[in-house]
Amino acid sequence: SQQGEEDPQALSIQEGENATMNCSYKTSINNLQWYRQNSGRGLVHLILIRSNEREKHSGRLRVTLDTSKKSSSLLITASRAADTASYFCATDAKDTGRRALTFGSGTRLQVQP
Amino acid sequence: DTGVSQDPRHKITKRGQNVTFRCDPISEHNRLYWYRQTLGQGPEFLTYFQNEAQLEKSRLLSDRFSAERPKGSFSTLEIQRTEQGDSAMYLCASSLYPGVEEKLFFGSGTQLSVL
């Protein structure tokens, strides 16, 4: 079953605008990761945020984590056409014995040039 | 530095046939994962290995599925008596555990179509 649920399912913006994607999850976590997937390809790791962190930046990416609400957001600033892809959050659940990441259903981002 | 490679990239088979996929992880990575992804969905966990030991299997992995990693290097995923519902992208990923960041490196996947 999917641990995370992304919102929105699809997002279409113009180049230069910011894109915000949200992820909600159900269990306590050790960390939360965001991955990107171009059509028909494998996933590429973007950024990891640990459960004791609230915000993290990497280039044009900003991730926030609210463990009290079991939610995270990914902000892509000054978007480019090349950012068009699907974005997934993935959680490393705590105290469940599960050691593999559990992925959400993804947000499909379309950046119009 | 080569990444995770999967073979074949595409596989078309008839219902009832057996298929086998191969994954070669990044050489120094001790963990190897198999995921399945259907159109418009996120990857669903199937199983993972640490070295040659299979440490966890999902309920999704029915008796028709078997995975091996005999020498702790490459892995194979076999599906016996394929069904149309097995049509999906099968993704392999690897990681180094323990590591500074527990991130997965994915291959490009094997797209399976069962006719």
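Lettering follows sequence order; numbering is per chain, from 1.
- Only the side chain of A/Asn31 comes within contact range of chain B, judged by heavy atoms closer than 4.5 Å.
- Only the side chain of B/Tyr97 comes within contact range of chain A, judged by heavy atoms closer than 4.5 Å.
- Sequence neighbours left out, not one pair with a member in residues 4-21 of chain B passes side chain to side chain donor-acceptor pair (under 3.5 Å).
- For the pair A/Thr77 (side chain) and A/Arg60 (backbone), a donor-acceptor distance under 3.5 Å is present.
- The contact between B/Leu104 and chain A is made by backbone and side chain atoms together, counting heavy-atom distances below 4.5 Å.
- Ring planes of B/Trp34 and B/Phe21: tilted class, angle from 30 to 60°.
- The local environment of CD in B/Glu68 is sparse, with at most 12 non-hydrogen atoms from other residues, nucleotides or ligands closer than 6.0 Å.
- When heavy atoms are compared at a cutoff of 4.5 Å, B/Glu102 approaches chain A by way of both its backbone and its side chain.
- Classification of the B/Phe106-B/Tyr35 ring pair by plane angle, with boundaries at 30° and 60°, yields tilted.
- If you measure heavy-atom distances from A/Gln9 to chain B, you find no contacts under 4.5 Å at all.
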